[in-house]
Structure formats: C-alpha cells, structure tokens
2 protein chains.
Amino acid sequence: MTANDADIGPDLTPDNMLCFAIYSANHAFSRVYKPLLKDLGLTFPQFLVMAALWVEDGQNVGAIGEKLCLESSTLTPLLKRLEALGYVTRNRDPDDERQVRVNLTVDAKKLRKKSLAIPGCLLAASGMTGKDYMALQRNVARLRDALLESAANPP
Amino acid sequence: MTANDADIGPDLTPDNMLCFAIYSANHAFSRVYKPLLKDLGLTFPQFLVMAALWVEDGQNVGAIGEKLCLESSTLTPLLKRLEALGYVTRNRDPDDERQVRVNLTVDAKKLRKKSLAIPGCLLAASGMTGKDYMALQRNVARLRDALLESAANPP
DNA sequence: CGATATTATATCGTACACGATATTATCGCG
DNA sequence: CGCGATAATATCGTGTACGATATAATATCG
C-alpha cells in the first residue's frame, strides 16, 4: 500500500467505500428519524410504508414491496404491526382472494398531517441546500437503479 | 397536491425522499454484494468488519464499532460468527481485561487477497466513472456526518 | 373441465441493528 | 486500601430483512 494508491480507485478501506458511506448514512438517517417518529409510534420502515400508502391508498402487498424494494416476508409482519397500531386495515381482495389490500384508517390520515413537517426537519439536519439535497437524491436513486439492474443481470 | 409541489421542496413521496434513496441504495448494494461474498462465506456487515480489520488489525470491539457506527450488541454476535468461520480470534486484553482484542487469522489474510477485486466489481455495477463514484462517496459521507452531528445535538 | 403452472401472501430460519440492562474490570478519591 | 463511579463488553427483547419454502387462489392449456 503506497501513499497514492487511493488515487487510482476504490480500495478496501471502509472510509473510501461508497457502499459504506451509503450503509452508514442509512443508519444516520434512522437515528435522526427516531425522535421525530417517536410521537407517531412508528419505526422508519413503517413510516416508509405509510408514505407509500399516502401516495396511493389501497395497494396490495406486492405493489408496496415493489415500490420500497421489500419482500412479503418483511412486509407481512410489518403490516400486521401497523394494523395493530390502528393505521391500516388488511383485507383479501374479493375479486382475487390471493391479494391483500392495505387501506389507510382515519388515524392514518391524521398522521399524515402531523408528518408533513418531517421532510423539512431532515433537510435541516442534512446541513444542505434544498437544491443540493434534491440533486443528491437523484444521484443516489440513479446509483440504486444501476445496482439493481446489475444484480438482476449479473455480468 | 399540485403539479409543481415537487419543486418547492421535499414531500412525503418515497421517490422524492433522500432517506428512501439511501435506504434502497443500501439494499441494492447488499444485493450486488451477495454473490461476490458467497464464495467467502461472509455477509455484507461481516465484510465491512473484515475491511476495518484489514486497515488495522488487533482493534477492540469499541474501536470497530466507532469506525462502522455499530454497537456492541451488534458486533459481539457478529464477531462470534467471524470467529466460528475462522477469520478472527477474540481475546481479552491482558493489560485491560474489559477490552476484547480482535485479531485476524492467516485465513483472513488470504481472504483479503481474494477481496481485492470486489471494489472494481462494485464500481462496474454502479455504471459510473471512478471520478463520479468517488465524488458521490464524499457527498454521502458528508451527509452522514451532518446527520450524526444533528442526531447527537438535536436542534 | 380438469391437471398443471403460475401468482400472491405467509411462515420459518438466520442475521443484522438498536436501546436498555447486566456484568465485570479499572479508576479515582478519600 | 476500599468503595463508588466509570468504562468495555455481553445479554435480552423487539423489529427489520432476506432466501427458501408452504399454502391457497387463479390462470392456462390440453
């Protein structure tokens, strides 16, 4: 390992690895979210599921999983917890009994109003301008899509 | 919700949230890593611990946790698995019996050589140039540090 | 129309990940 | 020296996460 090896590409030092930056930023987001979600009684993944349902109510488990990149083995227990909290209902679709429709409750709609302040808190915690924040969002989303594409079609 | 609400700042749509981009990119990295680590018998977090030890052997649990932002409740079982795999040894420091020194085995050093190709695979999977890749790494690391700072000193 | 394939969820086993707490070792101060 | 405070690791309970598999409903094709 010579002094300028770091210049020629990624190495095995966590601090130089993009995957570690993403991994640790994910944990850091969870940590910032924790007190904000405490009042709502939600975890961060539960909040993401609620956010997906606020965009479109009445999705089935598969649609939510597709949007959030999660499997039914993760979502089924999580949705049962949201149901126990009184934020969603889970019902088999009468037209196709294989599917489970997830619907928001009245409480969930109240929750949405309380959550509207959260994105601003996150932006503030990032110390970034809105412009840089959204640009980074797009770059990371593009990276994610390229990685998923590569994982699905291994070289 | 009007058509240009997206222009005035972050909202509650997962696809517009930086936290979701990071969250899903983290999962995507795991997915790309899985086949690469399969041969080595490691999970992604285990690989990160190995990488931290390749930078500096003989660290104690706390030092590893500080570098990777992980608690002893996560690391202790993980390190026991790495020990069972024959990649590390765990020994109480004779000078301070509270600390557990984690040392690499001979196998771990062979593993390092086999791992040197991995960062290049990740870069290729990202579809990015090395320059952009490293720039994104720095931006995400900066974001993480700002979030951790904010979590530690809430506004 | 009925056997087979496919699809949608659910369940199970393993592995993170954290907060709260327990345990043991060291330190500091009288 | 001894005793309370502090520090390092481990343990426990809860909640993700995934791959493999199970189960049940629908679709397909002869």
Side-chain angles (χ1 to χ4, degrees), chain A residues 19-20 23-35 37-38 40-50 59-66 68-85 88 90-102 148 151, chain B residues 19-20 23-35 37-38 41-50 59-66 68-85 88 90-102 148 151-152:
Chain A
C19 59
F20 172 63
Y23 169 87
S24 52
N26 184 45
H27 291 175
F29 261 120
S30 291
R31 223 164 284 188
V32 174
Y33 260 104
K34 192 149 300 187
L37 296 178
K38 187 87 171 180
L40 315 179
L42 295 178
T43 65
F44 176 57
Q46 288 167 4
F47 176 72
L48 283 179
V49 170
M50 296 303 295
Q59 297 182 67
N60 62 21
V61 176
I64 297 170
E66 181 129 2
L68 301 183
C69 308
L70 294 175
E71 309 295 319
S72 75
S73 44
T74 301
L75 282 174
T76 296
L78 190 157
L79 289 167
K80 285 183 178 176
R81 285 180 206 111
L82 288 179
E83 188 178 34
L85 287 168
V88 304
R90 297 162 61 248
N91 296 105
R92 293 275 167 188
D93 185 336
D95 293 344
D96 184 344
E97 293 270 344
R98 291 173 302 181
Q99 299 184 40
V100 169
R101 296 267 156 219
V102 182
L148 290 177
Chain B
C19 58
F20 172 63
Y23 169 88
S24 53
N26 185 45
H27 291 174
F29 261 120
S30 290
R31 221 165 284 187
V32 174
Y33 260 105
K34 192 150 299 185
L37 296 178
K38 188 87 172 179
L42 295 179
T43 65
F44 176 58
Q46 288 167 4
F47 176 73
L48 283 179
V49 170
M50 296 302 295
Q59 297 182 67
N60 62 21
V61 176
I64 298 170
E66 181 130 2
L68 300 183
C69 307
L70 294 174
E71 309 295 318
S72 75
S73 45
T74 301
L75 282 173
T76 296
L78 191 157
L79 289 167
K80 285 182 179 176
R81 284 177 207 112
L82 288 179
E83 187 178 34
L85 287 168
V88 304
R90 296 162 62 247
N91 296 104
R92 292 277 166 184
D93 185 335
D95 292 345
D96 184 344
E97 293 269 345
R98 290 173 303 180
Q99 299 184 41
V100 170
R101 296 266 156 218
V102 183
L148 289 177

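Protein chains get the first letters and strands the later ones, always in sequence-line order, with residue 1 at the start of each. No hydrogens, no waters, no symmetry mates; every other heavy atom, side chains included, goes into these values.
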- Message: Measuring only between side-chain heavy atoms, which start at C-beta, is A:Ile64 closer than 4.5 Å to A:Val102?
- Response: yes
- Query: Taking the six-membered ring for Trp, are the ring centroids of B:Tyr33 and B:Phe47 within less than 6.0 Å of each other?
  - Reply: yes
- Paired with D:dT9: which nucleotide, if any, by Watson-Crick or G-U wobble criteria at under 3.5 Å for both distances? C:dA22
- Message: For a quick test of reading the model: is some side-chain N or O of A:Tyr23 closer than 4.0 Å to OP1 or OP2 of C:dC16?
- Response: no
- Item | Donor-acceptor pair under 3.5 Å, B:Ser72 side chain vs D:dA8 base | no
- Query: Going by heavy atoms in the side chains, are A:Val88 and A:Val49 under 4.5 Å from each other?
  - Reply: no
- Using atom CG of B:Leu48 as one end and atom C1' of C:dA17 as the other, report the distance to the nearest whole Å. 13 Å
- Query: With a 4.0 Å cut-off on heavy atoms, is B:Leu75 in touch with a base, just the backbone sugar-phosphate, or nothing at all?
  - Reply: nothing
- Can you tell me if the side-chain N/O atoms of A:Lys80 get under 4.0 Å from OP1 or OP2 in C:dT11? yes
- Message: So if I take every side-chain heavy atom of A:Thr76 and compare against D:dC18, C:dT9, D:dA10, which nucleotide ends up nearest?
- Response: C:dT9
- Query: Within a strict 4.5 Å, meaning less than it, do heavy atoms of the A:Leu85 and A:Gln46 side chains meet?
  - Reply: yes
- Query: OP1, OP2 of D:dT14 versus side-chain N and O of A:Arg81: anything below 4.0 Å?
  - Reply: no
- Which nucleotide in the list C:dT9, C:dA20, D:dC18 gets nearest to the side chain of B:Ser73? C:dA20
- Using atom CG of A:Leu37 as one end and atom P of C:dG19 as the other, report the distance to the nearest whole Å. 14 Å
- Picking from C:dA8, D:dT16, C:dA10, the nucleotide nearest the side-chain atoms of A:Arg90 would be C:dA10
- Message: Using whole Å, what does the distance between atom P of nucleotide D:dA8 and atom CG of B:Leu70 come to?
- Response: 17 Å
- Could you tell me whether the side chain of A:Arg98 has a donor or acceptor atom within less than 3.5 Å of a complementary atom in the base of C:dT7? yes
- Message: Quick check on DNA chain D: between A:Pro77 and A:Glu97, whose nearest nucleotide comes earlier from the 5' end?
- Response: A:Pro77
- Report yes if a side-chain nitrogen or oxygen of B:Arg31 is closer than 4.0 Å to either non-bridging phosphate oxygen (OP1 or OP2) of D:dC18; otherwise report no. yes
- Query: For D:dT16, does OP1 or OP2 lie under 4.0 Å from any side-chain N or O of A:Thr43?
  - Reply: yes
- Message: Here's a test of your reading of the structure: between A:Asn60 and A:Lys38, which maps to the more 5' nucleotide of DNA chain C?
- Response: A:Asn60
- Message: Using the rule given for side-chain hydrogen bond (donor to acceptor under 3.5 Å, both in side chains), can you reason through A:Gln99 versus A:Asp93, listing the C-alpha separation, both sets of side-chain angles and the distance that settles it, and then say yes or no?
- Response: CA-CA 6 Å; A:Gln99 299 184 40; A:Asp93 185 336; 5.2 Å; no
- Counting only heavy atoms not in A:Glu97, do more than 12 fall under 6.0 Å of its CD? yes
- Task: Select one nucleotide: of C:dG19, C:dA8, C:dA10, the one nearest the side-chain heavy atoms of B:Glu71.
- Result: C:dG19
- Answer yes or no: is there a donor N or O on one side and an acceptor on the other, between the side chain of A:Thr74 and the main chain of A:Leu70, under 3.5 Å? no
- Item | Closest-nucleotide ordering on DNA chain D, the 5'-leading residue of A:Thr74 and A:Asp93 | A:Thr74
- Length of the line joining B:His27:NE2 and D:dA17:P, which is rounded to integer Å: 4 Å
- Gap between atoms CZ and C1', on A:Arg92 and D:dA25 respectively (whole Å): 9 Å
- Between P of C:dC16 and CG of A:Asn26, the distance in whole Å: 16 Å
- Using atom CG of B:Leu85 as one end and atom P of C:dT14 as the other, report the distance to the nearest whole Å. 15 Å
- Nearest-neighbour nucleotide for the A:Gln46 side chain, D:dT16, C:dC18, D:dG19 considered: D:dT16
- Item | Side chain of B:Asp96 - closest among C:dA17, C:dA25, D:dT9 | C:dA25
- Task: Please report, rounded to the nearest Å, how far the P atom of D:dA10 is from the CD1 atom of B:Ile64.
- Result: 11 Å
- Query: Where the side chain of B:Lys34 is defined as all heavy atoms beyond and including C-beta, which of D:dG19, D:dA25, C:dA17 is the nearest nucleotide?
  - Reply: D:dG19
- Task: Nearest-nucleotide wise, let me know which of B:Asp95 and B:Phe44 is further upstream toward the 5' end of DNA chain C.
- Result: B:Phe44
